[in-house]
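Residue indices begin at 1 and follow the sequence shown.
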Amino acid sequence: MTMPKEDTNTMRALQGLENSSSSVRLQAALAVGTTQDPRFIDKLIERCAIEPDFYVRDMLTWALTRHSSSMTVPKLIDELRSERAQARSQALHTLSKIGDRQAWPAITRALLTDADDEVARSAWRAAVVLVPEGEEPELAGVLATQLGRGERETQLSLSRALIALGEAIMPTLRAAMMDLDPRVRQHAIATERLLRNPDAGFEFAIEEAKRIVALGTTSQER
């Protein structure tokens with residue numbers, strides 16, 4: 001018996017997602033997103049967890065955003081409990097792109113403070129997109145516990161997430177500027193500088209913050 005053309009195309013796309021060539025996988029993800037067949041959702045999420053190529057992962061996320069959020073969001077939330085860091089990170093990234101606030105309760109403190117930097121960064125980005133109105137100060141408080149964490153790229157991600165919350169972060173930032181840990185103080189001051197002057201750039205802000213901390217002053221005193 002001959003397979004219907006639609007089923008043949010489905011099988012070809014599913015096989016393409018597992019091809020050894022990243023360009024073939026990229027084209028398969030594009031085709032799946034264009035088709036918007038619910039039968040692809042599980043496979044797309046499965047591939048997100050293990051796909052090594054950044055551009056293919058981004059296309060997998062795009063393909064998932066093309067499907068109904070009522071079908072994708074619950075499955076992506078399930079992925080947040082995965083032991084595989086990439087599965088958690090990519091699910092968070094995809095949830096941030098979908099923007100369905102029903103996912104907010106799944107953005108837990110554990111994810112916002114995840115030991116894996118990529119997971120934490122994805123959680124920060126998702127949180128500022130999904131946070132309900134009025135809960136920004138509480139989120140800022142959790143994010144502030146991560147000030148001083150990691151290298152420049154991680155610190156910049158956290159600063160951007162905090163800044164996206166607007167003026168709600170200021171009480172938390174002021175407290176962090178007085179922290180006993182100089183890395184926390186530096187990061188808090190640099191974040192405040194970027195909030196006030198977005199064009200300054202993170203490198204300039206962090207170097208200025210280092211000077212302020214070295215001089216023993218705070219941002220407000222200058």
Side-chain angles (χ1 to χ4, degrees), residues 13-14 17-18 22 25-26 28-29 32-33 36-151 153-162 164-165 172:
L14 287 172
L17 290 173
E18 296 183 342
S22 60
R25 298 196 304 277
L26 187 71
V32 169
Q36 301 172 41
D37 187 330
R39 291 176 296 177
F40 288 124
I41 292 173
D42 286 343
K43 189 64 177 179
L44 288 168
I45 293 174
E46 177 189 316
R47 285 303 306 174
C48 279
I50 58 176
E51 173 55 52
D53 186 277
F54 170 82
Y55 296 103
V56 178
R57 287 200 304 273
D58 225 35
M59 188 64 78
L60 291 168
T61 284
W62 173 80
L64 282 164
T65 65
R66 300 274 292 171
H67 290 80
S68 168
S69 62
S70 64
M71 301 185 74
T72 56
V73 169
K75 292 176 183 291
L76 289 165
I77 288 173
D78 286 343
E79 281 293 280
L80 300 182
R81 293 188 286 271
S82 172
E83 291 184 4
R84 186 186 290 270
Q86 183 174 306
R88 300 195 302 277
S89 175
Q90 201 63 25
L92 285 161
H93 174 64
T94 306
L95 286 169
S96 74
K97 294 298 184 183
I98 293 171
D100 188 333
R101 287 189 167 174
Q102 291 185 66
W104 168 246
I107 312 300
T108 61
R109 188 185 188 98
L111 288 168
L112 293 167
T113 60
D114 198 284
D116 185 279
D117 283 347
E118 284 304 313
V119 175
R121 292 172 65 199
S122 296
W124 302 337
R125 288 190 291 265
V128 298
V129 169
L130 301 174
V131 62
E133 188 175 351
E135 293 191 34
E136 293 90 350
E138 186 178 349
L139 174 58
V142 178
L143 294 181
T145 66
Q146 303 301 291
L147 285 165
R149 170 179 174 166
E151 301 304 320
E153 193 175 2
T154 299
Q155 292 191 4
L156 176 56
S157 289
L158 182 59
S159 291
R160 283 174 171 164
L162 283 163
L165 297 175
T172 301

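Closest of all the heavy-atom pairs between Ala103 and Leu95 is CB-CD2, 3.9 Å. When all heavy atoms of Leu92 and Ser122 are compared, the closest pair comes out as CB-CB, 3.8 Å. The two atoms that bring Ala13 and Ala28 nearest to each other are O-CB, 3.7 Å, heavy atoms only. Heavy-atom minimum distance, Cys48 versus Arg57: O-CD, 4.1 Å. Scanning both residues, Thr172 and Ala144, for their nearest heavy atoms gives CG2-CB, 3.1 Å. Scanning all heavy atoms of the two residues, the minimum distance from Ala106 to Ile77 falls at CB-CG2, 3.8 Å.
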>> Between Val32 and Asp37, is the side chain to side chain contact (heavy atoms under 4.5 Å, CB included) condition met? List the steps.
In response: CA-CA 7 Å; Val32 169; Asp37 187 330; over 6 Å; no
> When you look at Leu60 and Arg25, which way does the side chain to side chain contact (heavy atoms under 4.5 Å, CB included) test go after all the steps?
Replying inline: CA-CA 9 Å; Leu60 291 168; Arg25 298 196 304 277; over 6 Å; no
> Is there a side chain to side chain contact (heavy atoms under 4.5 Å, CB included) between Ile98 and Leu76 once you walk through the steps?
Replying inline: CA-CA 11 Å; Ile98 293 171; Leu76 289 165; 3.6 Å; yes
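Within the 3.5 Å criterion, the main-chain N or O of Ala127 finds no donor-acceptor partner in the side chain of Trp104. Although no hydrogens or angles enter the test, the distance criterion places a donor-acceptor pair under 3.5 Å between the side chain of Gln86 and the main chain of Glu51. Between the side chain of Ser157 and the main chain of Glu153, a donor-acceptor pair closer than 3.5 Å is present.
Looking only at side-chain heavy atoms (C-beta outward), Leu143 and Leu165 come within less than 4.5 Å of each other. When side chains are defined from C-beta on, Leu147 counts as touching Leu162, because their heavy atoms get closer than 4.5 Å. Residues Thr61 and Gln90 meet the side-chain proximity criterion, which asks for heavy atoms closer than 4.5 Å. Residues Leu80 and Thr108 fail the side-chain proximity criterion, which asks for heavy atoms closer than 4.5 Å. Using a 4.5 Å heavy-atom cutoff, the side chains of Thr145 and Arg109 are in contact. Side-chain contact between Leu64 and Ile41 is present, with at least one heavy-atom pair separated by less than 4.5 Å.
Annotation: the span from Ser69 atom OG to Gln102 atom CD amounts to 7.0 Å, rounded to 0.5 Å. Rounding to the nearest 0.5 Å gives a distance of 10.5 Å between CZ of Arg47 and CG of Asp53. Here CG of Leu139 is found 10.0 Å from CD1 of Ile107. Values are rounded to the nearest 0.5 Å. Taking CG from Leu44 and CZ from Arg39, the interatomic distance works out to 13.0 Å, rounded to the nearest 0.5 Å. Considering CD of Gln146 and CG of Asp117, their distance stands at 9.0 Å, rounded to 0.5 Å. To the nearest 0.5 angstrom, Lys97 atom NZ is 9.0 Å from Thr65 atom OG1.
Scored by the side-chain contact (heavy atoms from CB on, under 4.5 Å) test, Arg160 finds Leu156 as partners (sequence neighbours excluded). Shown here are the side-chain hydrogen bond (donor to acceptor under 3.5 Å, both in side chains) partners of Lys75, two or more places apart in sequence or in another chain: Asp42.
Other residues, nucleotides and ligands place more than 12 heavy atoms under 6.0 Å from the CZ atom of Arg101. At most 12 heavy atoms of other shown residues, nucleotides or ligands fall within 6.0 angstrom of atom CD in Glu138.
Here Asp114 pairs with Arg88 in a salt bridge; the nearest charged N to carboxylate O distance falls below 4.0 Å.
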